[in-house]
Amino acid sequence: MQKNTENYIDFKDFPKNYDYQTVEKKISQYWEDNKIYKFETSDKSRKIYSVDTPPPYVSSSHLHVGHVMSYSQAEFIIRYKRMKGFNVFYPMGFDDNGLPTERYVEKKYKINKSKITREDFIDLCLKETKEGIEIYKSLWKSAGISADYDLSYSTIDERCRKTSQKSFLDLYNKGLIERRNEPILWCPQCRTSLAQADVVLEELTGVLYDIEFKSMDGKSLIISTTRPELLGGCVAVYANPADDRYKFLEGRNVKTPLYNREVPVRFDESVDMGYGTGLMMVCTWGDVEDVKKWKEHKLNTAIVVDKAGRLNALSEKYNGLSVKDAKKAVVADLNELFLIKGEKSLMHNVGVHDRCSTPVEFILAEQWFIKILDSKDKFINAGNQMVWHPEFMKARYDEWINNLKWDWNISRQRFYGVPFPVWYCSECGEIITAVESKLPVDPVTDLPGTNKCPKCGGEKLKPETDVMDTWMTSSMTPLINSRWAYNDHDSKELLNMIYPMGLRPQAQEIIRTWLFYTVVKSIYHTENIPFKDIMISGWGLDKSGKKMSKSLGNFVAPEDIIKKYSADALRYWASKANLGQDLRFNEEDVIAGRKLLIKIWNATRFLITNVSAEFNPYEKNMTELNLSQIDKWVLTELENTINICENNMESYEYSFALRTATDFFYNIYCDNYLEIIKNVFWDEEEENADRKKTVLNVMYFISLNISKIFAPFMPFITEELYLTFYKNFEKGNSIHLSNWPELKKELIFSDSAKISAILLNILDASRKLRTNLNLHQNHKVNKILIKSLNADYIDIINEISGDIRSAVRSERLIFSDKADFQTADADIFISLEK
RNA sequence: GGGCGGAUAGCUCAGCUGGUUAGAGCAUCGGCUUUACAAGCCGGGGGUCACAGGUUCGAACCCUGUUCCGCCUACCA
């Protein structure tokens, strides 16, 4: 066998300590230089495994170990697939357009969008984005994330803008996008409209006020509300049609307090007779229920809250006050007039903007909507066609769709996002869209293909200045990656190759957004599901079980952990949570990972330093070797381990796989097999040479295969061992491109369990005896005495007496009734004689 | 309000479709150092499996109810 001189080191000088800091840097560079994780576009022989990698918000927060955890978990599977022979398409994306980035920039520079020009703001965002990407890239690389970084994209780059805009045009042409003027969810803090998915319910303590309205003839009518500040926008009072108390109000008006405005009384079954007095006020608009009644019953429109979250002139003396201040003022005034008849505090759910926690309001504005309410069935059906890991996460997807109440509003009144490819005619309002071949466009600086309105011939065209919801782009990731927006031959071919994608790994909190919207887009654009398998990871929690976040101060930086304990050790921690399960961060678990690395290093070093220059692991097949029972046992256990690990990896149960492999490695291989056979290497006699050779072959076979199983989890150390040692005997430039161990049925010896149990019971008992006798485990004894009450065992013990003597470090083995120490098998007794 | 996940040793967690005496790592205690590894090895102690019922020859596991933790979801103003 030809030695690879470049990587060859004298095996006897193999380093005693594993210097992970140096090795990980070196290996990382090696992968990059040799393009180990490159997706081979032209390779038609291998099956493709494509991954729709989550693009994290580059600027929203720094990554913590929880992020590394979820990326690693997906990566375990991806690396496994690569070793199973798939041509892996694994891009790295960076999500940097939209509100998360804008919020980050606003906070960092202490500005808001009204205090800076659009151009300067976008420049700042682009600058932060660029810096963020570099930081993220270097962290992902140091964590061993095996993406093909040549396939990277950023959601503000040209391809993503083009894809988002094409998506808009396609949906517009299909009639799935509409411009509508209707009440929309609005964040007064960010001064933009929102979609339902951007609003989360927060449980807040509020006060429920009983306020006195008056009937036209002066009767007192008590209405309970949590939002007295909206009184100026009250357009109706509602009661339940079955409520006898208020039948007399039918067809009449009532007077609102403070304003003395007349509003009609209406009836609707949705009003709960038991709540408060059974009377309810409806404003335009205080909540979803108000919007619903306003729509259904065509109520008057009396908008009182402006885009900044302040009351307007309609609220008379409260004009200009913020919603919060107005509430105080209104309550004070009502109190002065003795119009508050009661108040009690209550916990209620308030919709707040998920990026800034500001309570949302309703605003009337013209916006672009993607129609989704009509197609709920299609989306549910798509969910059923995908395989969910873990399965229970699918319920969240179904629940979200079933509860959707609004079409998807994709307009945002912001700066830093993908622009709409749209202009409007100032004369007649006609909508003019961009020509597809010109995409991406910015209507603020670019002109549409025409100078005149095609409808009225008007020459004044004004650009749409809103930008798209950030999810408008993120939802395109499978189609961004497969170059759906491009019509050239290569792009079309790529689309056919990698779409639908094989895997979507992601976090649980974005099922309602990223996952759902991606399904929407894929169904609408391609009538296909976007990916086949979905992997939902849990959260990284702090030591006490709280979700890790920068604001809580319980943030553990992955860089620090990697520096201190190595990336492999951090990934080991990440492997401990099953899919979908949250995982507490314990430094002890990382330390356990480092311990495993050191053990792997030393166990392999034991093999390496005993190998001679002529060593050739493939001189004979394993089955042609003169295997002892203990060799057969360890090989059988290895094959069983390979089998279990493979099954686990196939079903995304990476955690079980690594645990199984680790158990085998520690208990079977290191603590027993190596301990039993190691004295072969202490004996320099000629007659031992054959046995030594066999043992080395077994060790090589096991070490290599277990390293391959470890490789997806601990890619650095396994690669280092591969390049410095295994590569001298194997083909291929990386363990990560080598084949996953193939199950060899001929190495499963059916009776090895029974035979080895006898040996291990004897070894176990002898270890206990040695401890009792304060005898060193390796100290050679003169003889071991064995008594067996089971006659069947005698032959077996005779057959494996060599293994037994080797295991218990005894010169001789003698059957004797004097043996009095019972083993775990009640039929076998042993004694040791010095 | 509805739903999902979890509760097992001091800590972090395994425990598959029910089957001897419930496991691992860490921690703890005792012992062992020229022969891969002291960042090691060998051995020991430690559990009313959240609680209460039920099904069964047999329950950590299945069923019913309860408590606590986390999450998703929800128009009672």
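Just so it is clear: chains get the letters A, B, ... in the order the sequence lines come, proteins before strands, and each one is counted from 1. The analysis underlying the following values was restricted to heavy atoms, covering all of them including side chains, and did not include hydrogens, waters or symmetry mates.
For A/Lys16, taking side-chain heavy atoms from C-beta onward, the closest of the listed nucleotides B/G15, B/A38, B/A77 is B/A38. The listed nucleotides are B/U12, B/C37, B/C75; the one nearest the side chain of A/Ile598 is B/C37. Picking from B/C75, B/A77, B/A36 the nucleotide with the shortest atom distance to the side chain of A/Glu675 gives B/A36. Listed nucleotides B/C4, B/C71, B/G30 differ in distance to A/Arg396; the shortest reach to its side chain belongs to B/C71. Across B/C75, B/A14, B/C26, the shortest atom-to-atom separation from the side chain of A/Lys405 is found for B/C75. Of the candidate nucleotides B/A77, B/G44, B/A36, B/A77 has the atom lying nearest to any side-chain atom of A/Asp287. The side chain of A/Asp671 has B/C42 as its nearest neighbour among B/C42, B/U33, B/A36. Of the candidate nucleotides B/C32, B/A77, B/C4, B/C32 has the atom nearest to the side chain of A/His776. When distances run from any side-chain atom of A/Arg767 to the nucleotides B/A74, B/A14, B/G43, the shortest one goes to B/G43. Comparing B/C26, B/U73, B/G43 by their nearest atom to the side chain of A/Arg512 picks out B/U73.
Nucleotides B/A9 and B/C4 place their P atoms 26 Å apart, quoted to the nearest Å. With C1' as the reference atom, B/A22 and B/A14 are 11 Å apart, rounded to whole Å. Rounded to whole Å, the separation between the P atoms of B/G23 and B/G6 comes to 23 Å. For B/C11 and B/C51, the P atoms lie 15 Å apart once the distance is rounded to whole Å. Here the separation of B/C37 from B/C29, taken at their C1' atoms, is 23 Å to the nearest Å. If you take atom P in B/U17 and the same atom in B/U73, they sit 29 Å apart, rounded to whole Å. Across the C1' atoms, B/G46 and B/C26 are found 14 Å apart, a figure rounded to whole Å. Annotation: B/C49 and B/U21 have their P atoms spaced 14 Å apart (nearest Å).
Residue contacts shown for A/Val271 include a base, since a base heavy atom lies under 4.0 Å away. A/Phe392 comes within 4.0 angstrom of the backbone, heavy atoms only, and of no base. Within 4.0 Å (heavy atoms only), A/Asp210 reaches no atom of the nucleic acid at all. Counting any heavy atom pair closer than 4.0 Å across all strands shown, A/His779 reaches no nucleic acid atom. Residue contacts for A/Trp400: at a heavy-atom cut-off of 4.0 Å it reaches the sugar-phosphate backbone alone, with no base atom in range. If you check every strand for non-hydrogen atoms under 4.0 Å, A/Glu588 touches sugar and phosphate atoms only. Residue contacts shown for A/Phe656 are limited to sugar-phosphate atoms, with no base heavy atom under 4.0 Å away. Using a 4.0 Å heavy-atom criterion, one finds that A/Arg659 contacts the sugar-phosphate atoms exclusively. Among the heavy atoms of the strands, none lies under 4.0 Å from A/Ala395. Contact annotation for A/Leu597: no contact, since no heavy-atom pair falls under 4.0 Å across all strands. Counting any heavy atom pair closer than 4.0 Å across all strands shown, A/Asp272 reaches a base atom. Here A/Lys599 lies in heavy-atom contact (under 4.0 Å) with a base. Across all strands, A/Asn648 comes closer than 4.0 Å to no nucleic acid atom at all (heavy-atom distances).
With no hydrogens or angles considered, a side-chain donor-acceptor pair links A/Asn384 and A/Lys394 at under 3.5 Å. No side-chain donor from either of A/Asp825 and A/Thr823 sits under 3.5 Å from a side-chain acceptor of the other. Between the side chains of A/Thr22 and A/Asp19, at least one donor N or O lies within less than 3.5 Å of an accepting N or O.
For B/C13, the base has no donor-acceptor partner in the side chain of A/Lys576 [N/O atoms by modelled type, under 3.5 angstrom]. With hydrogens and angles ignored, no donor-acceptor pair under 3.5 angstrom links the side chain of A/Asn403 to the base of B/A74. At a cut-off of 3.5 angstrom, the base of B/G6 holds no donor-acceptor pair with the side chain of A/Gln581.
One finds no side-chain N or O of A/Asn578 lying less than 4.0 angstrom from the OP1 or OP2 phosphate oxygen of B/G5. The phosphate of B/C13 (OP1 or OP2) has no side-chain N or O of A/Trp573 nearer than 4.0 angstrom. The phosphate of B/G44 has OP1 or OP2 within less than 4.0 Å of a side-chain N or O from A/Lys768. Not one side-chain nitrogen or oxygen of A/Lys678 sits closer than 4.0 Å to the OP1 or OP2 atom of B/C37. The side chain of A/Arg594 contributes no N or O atom lying less than 4.0 Å from OP1 or OP2 of B/A39.
Between the side chain of A/Asp568 and the backbone N or O of A/Ile717, at least one donor-acceptor pair lies under 3.5 Å. With A/Asn349 contributing its side chain and A/Leu201 its backbone, the two residues share no donor-acceptor pair below 3.5 Å.
Distance CG (A/Leu674) to P (B/A36): 10 Å, rounded to an integer number of Å. Spacing between atom NZ of A/Lys394 and atom C1' of B/U73 amounts to 16 Å, rounded to whole angstrom units. Rounded to an integer number of Å, the gap from A/Leu579 CG to B/C4 P is 20 Å. Nucleotide B/A7 holds its C1' atom 14 Å from the CG atom of A/Asp582, rounded to whole Å. Nucleotide B/G23 holds its P atom 14 Å from the CG atom of A/Asn667, rounded to whole Å. Rounded to an integer number of Å, the gap from CD of A/Glu391 to P of B/C72 is 21 Å. Across the protein-nucleic acid pair, A/Trp539 atom CH2 and B/C71 atom P stand 6 Å apart, rounded to whole Å. Straight-line distance from the CG atom of A/Asn17 to the P atom of B/C37: 10 Å, rounded to whole Å.
Between A/Phe665 and A/Phe710, the distance from one ring center to the other falls under 6.0 angstrom. In this structure, A/Tyr238 has its ring center closer than 6.0 angstrom to the ring center of A/His297.
A salt bridge links A/Glu587 and A/Lys564; the closest N-O separation between the charged side-chain nitrogens and carboxylate oxygens is under 4.0 Å. Salt-bridge formation is not detected for the pair A/Glu653/A/Arg659: no Lys NZ or Arg NE/NH1/NH2 atom is positioned less than 4.0 Å from an Asp or Glu carboxylate oxygen.
Base pairing annotation: B/U28 forms a Watson-Crick or G-U wobble pair with B/G44, both donor-acceptor distances under 3.5 Å. Applying the Watson-Crick and G-U wobble criteria (two distances, each under 3.5 Å), B/G53 pairs with B/C63. Remark: B/C71 base-pairs with B/G3; criterion is Watson-Crick or G-U wobble with both hydrogen-bond distances under 3.5 Å. When both distances must be under 3.5 Å, the Watson-Crick or G-U wobble mate of B/A36 does not exist.
Not counting sequence neighbours, the partners of A/Phe585 by the ring pair (Phe, Tyr, Trp, His ring centres under 6.0 Å) test are A/Trp573.
The residue among A/Asp663 and A/Asn586 whose nearest nucleotide of RNA chain B lies closer to the 5′ end is A/Asn586. Mapped onto RNA chain B by nearest heavy atom, A/Leu583 and A/Asn602 fall at different nucleotides, with A/Leu583 at the one closer to the 5' end.
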